[in-house]
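Working notes for the structure below.
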Amino acid sequence: MPSGEYSRYVALGDSQTEGLGDGDDTVGLRGFADRLAEHLAALNPGLQYANLAVRGHTAGQVRTEQLGSALALRPDLATVVAGVNDLLRPRYNAAEVAGHLEEMFAALTDAGSRVVTLTFPDIGKIAPLARPIRSRVFDLNTRIRAAAARHGVAVAETGRQTVTTDPRLWTADRLHASPLGHERIAAALAQAIHLPGSDDAWTLPLPPHRVPAGWQAAGAELRWAAAYLGPWLGRRLRGRSSGDGRTAKRPRFLPVSATPDSAADTGRGKPS
């Protein structure tokens with residue numbers, strides 16, 4: 001297919017693909033998938049776009065709950081981004097997570113879709129308290145690259161660029177990209193599939209900013225743990241997920257300019 005001539009785009013994934021950090025549940029979420037869809041629609045105004053992502057989903061849940069719907073929509077372009085919710089769990093199984101991703105790569109490419117994914121930045125540089133799991137991130141990135149190569153999947157190498165660990169690309173919870181972060185991710189994906197007008201500007205560093213002193217940084221870590229890490233661990237201990245009771249925000253194809261009318265229309269359910 002000539003570069004940029006896509007007419008049906010489907011996004012599969014978790015909270016990043018849903019758009020958390022870029023808007024909210026009141027005004028609506030945008031996120032990198034919506035931003036990529038806007039780029040595609042500028043090249044093809046007839047583009048139809050569906051977003052099946054649900055926050056909190058593991059790679060296995062994305063495969064079992066989203067892949068079938070994605071295949072039924074017969075997209076000519078699909079983004080598959082999942083695995084972070086697995087990385088954070090105590091019983092993390094790297095081979096299993098990579099296997100779920102590869103199954104999705106294989107099924108979608110076999111069905112004729114162009115598939116693009118990404119690698120993950122060094123979480124230890126974004127949230128210092130998460131440094132113990134940074135080796136998991138590096139290993140998963142290696143597995144993603146290998147699986148993508150086996151199936152002709154394009155990879156946006158957001159895991160290899162220093163700028164992607166800049167705190168200004170992340171929200172206060174340090175798990176979800178900020179609007180600027182989502183913008184950069186969308187640009188990285190666009191470059192990975194060689195969309196007209198895309199380039200490597202997304203890799204450029206931001207202007208210098210003030211780095212907190214040691215005591216300020218330590219205080220920020222403690223506040224982050226209390227506000228975000230603690231509640232996250234609490235949900236895990238109770239067997240709950242932020243995605244409980246929710247379904248996809250855009251489960252069917254719509255023109256990019258159209259927005260779902262209501263939660264009832266899209267079946268998104270209520271926030272948990």
Side-chain angles (χ1 to χ4, degrees), residues 9-20 31-33 36 50-75 77-123 130 133-159 175-177 185 188-189 192-193 232 235-236 239-244 246-251:
Y9 165 41
V10 174
L12 298 84
D14 52 30
S15 56
Q16 294 285 30
T17 301
E18 188 182 347
L20 263 67
F32 74 78
L36 178 60
N51 188 321
L52 308 180
V54 177
R55 65 192 69 177
H57 270 193
T58 62
Q61 288 175 306
V62 174
R63 181 183 64 79
T64 58
E65 299 180 27
Q66 299 177 31
L67 179 59
S69 297
L71 292 170
L73 290 169
R74 299 177 59 205
L77 177 68
T79 51
V80 178
V81 178
V84 170
N85 288 315
D86 300 271
L87 287 168
L88 299 173
R89 284 167 164 73
R91 296 180 180 178
Y92 171 66
N93 185 316
E96 183 177 278
V97 173
H100 290 309
L101 291 170
E102 183 155 10
E103 285 188 47
M104 289 187 277
F105 295 165
L108 288 161
T109 54
D110 287 350
S113 298
R114 178 70 164 125
V115 179
V116 59
T117 189
L118 53 73
T119 53
F120 301 109
D122 182 350
I123 194 171
I133 66 169
R134 63 196 306 229
S135 61
R136 293 181 176 183
V137 177
F138 303 150
D139 175 67
L140 181 59
N141 284 344
T142 298
R143 293 172 184 269
I144 288 172
R145 293 180 188 112
R150 286 190 287 270
H151 299 283
V153 170
V155 180
E157 284 287 2
T158 50
L175 292 175
H176 298 101
I185 294 170
L189 293 165
I193 54 175
W232 187 89
R235 287 198 300 272
R236 300 288 81 73
R240 296 188 59 195
S241 165
S242 57
D244 291 346
R246 303 187 70 94
T247 52
K249 74 172 185 179
R250 197 179 180 100

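All heavy atoms count here, side chains included; hydrogens, waters and symmetry mates do not. The model shown is predicted, which means the values in this text are computed figures rather than measured ones. We're numbering straight along the sequence, starting at 1.
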Between [atom1] of [X] and [atom2] of [Y], what distance do you get to the nearest 0.5 Å?
| X | Y | atom1 | atom2 | value |
| --- | --- | --- | --- | --- |
| F32 | L189 | CZ | CG | 6.0 Å |
| N51 | K249 | CG | NZ | 5.0 Å |
| D139 | Y92 | CG | OH | 6.0 Å |
| I144 | L101 | CD1 | CG | 5.5 Å |
| H151 | E103 | NE2 | CD | 9.5 Å |
| L118 | T17 | CG | OG1 | 7.5 Å |

Inset, instruction - With sequence neighbours excluded, give me every side chain to side chain donor-acceptor pair (under 3.5 Å) pair touching residues 105-120. - result: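 The answer is T119-E157.
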Legend entry - Contact summary for D14 and A53, nearest pair of heavy atoms: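 D14 and A53 have their closest heavy atoms at O-CB, 3.4 Å.
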Legend entry - Closest non-hydrogen atom pair, L73 against A50: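 Minimum heavy-atom contact is CD1-CB, 3.8 Å.
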Legend entry - N/O donor-acceptor pair under 3.5 Å between R63 side chain and A59 backbone: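 Such a contact is absent between R63 side chain and A59 backbone.
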Legend entry - Check: Q16 side chain, A33 main-chain N or O, donor-acceptor pair, under 3.5 Å: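 No, Q16 side chain to A33 backbone: no donor-acceptor pair under 3.5 Å.
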Legend entry - With sequence neighbours excluded, residues passing side-chain contact (heavy atoms from CB on, under 4.5 Å) with A70: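 side-chain contact (heavy atoms from CB on, under 4.5 Å) check on A70 returns V10, L12, L52, L108.
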Inset, instruction - Apply side-chain contact (heavy atoms from CB on, under 4.5 Å) to A146 and list each qualifying residue two or more places apart in sequence or on a separate chain. - result: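 Partners of A146 by the side-chain contact (heavy atoms from CB on, under 4.5 Å) criterion, ordered by chain and then number, come out as R150.
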Inset, instruction - Please report the C-alpha distance between T58 and R89 in whole Å, then the side-chain angles of each, then the deciding distance to 0.1 Å, and finally whether the side-chain contact (heavy atoms from CB on, under 4.5 Å) criterion is met. - result: CA-CA 10 Å; T58 62; R89 284 167 164 73; 3.9 Å; yes
Legend entry - Any residue meeting side-chain hydrogen bond (donor to acceptor under 3.5 Å, both in side chains) with E96, in chain and number order, not counting sequence neighbours: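 E96 satisfies side-chain hydrogen bond (donor to acceptor under 3.5 Å, both in side chains) with no other residue.
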Legend entry - Contacts of R134 that satisfy side-chain hydrogen bond (donor to acceptor under 3.5 Å, both in side chains) - sequence neighbours left out: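 R134: side-chain hydrogen bond (donor to acceptor under 3.5 Å, both in side chains) contacts with D122.
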Inset, instruction - Evaluate side-chain contact (heavy atoms from CB on, under 4.5 Å) for M104 paired with V62, printing each intermediate quantity in order. - result: CA-CA 9 Å; M104 289 187 277; V62 174; 3.6 Å; yes
Inset, instruction - Identify, with sequence neighbours excluded, every residue that meets ring-ring contact (aromatic ring centres under 6.0 Å, His included) alongside F105. - result: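 Counting only residues at least two positions away or on another chain, F105 forms no ring-ring contact (aromatic ring centres under 6.0 Å, His included).
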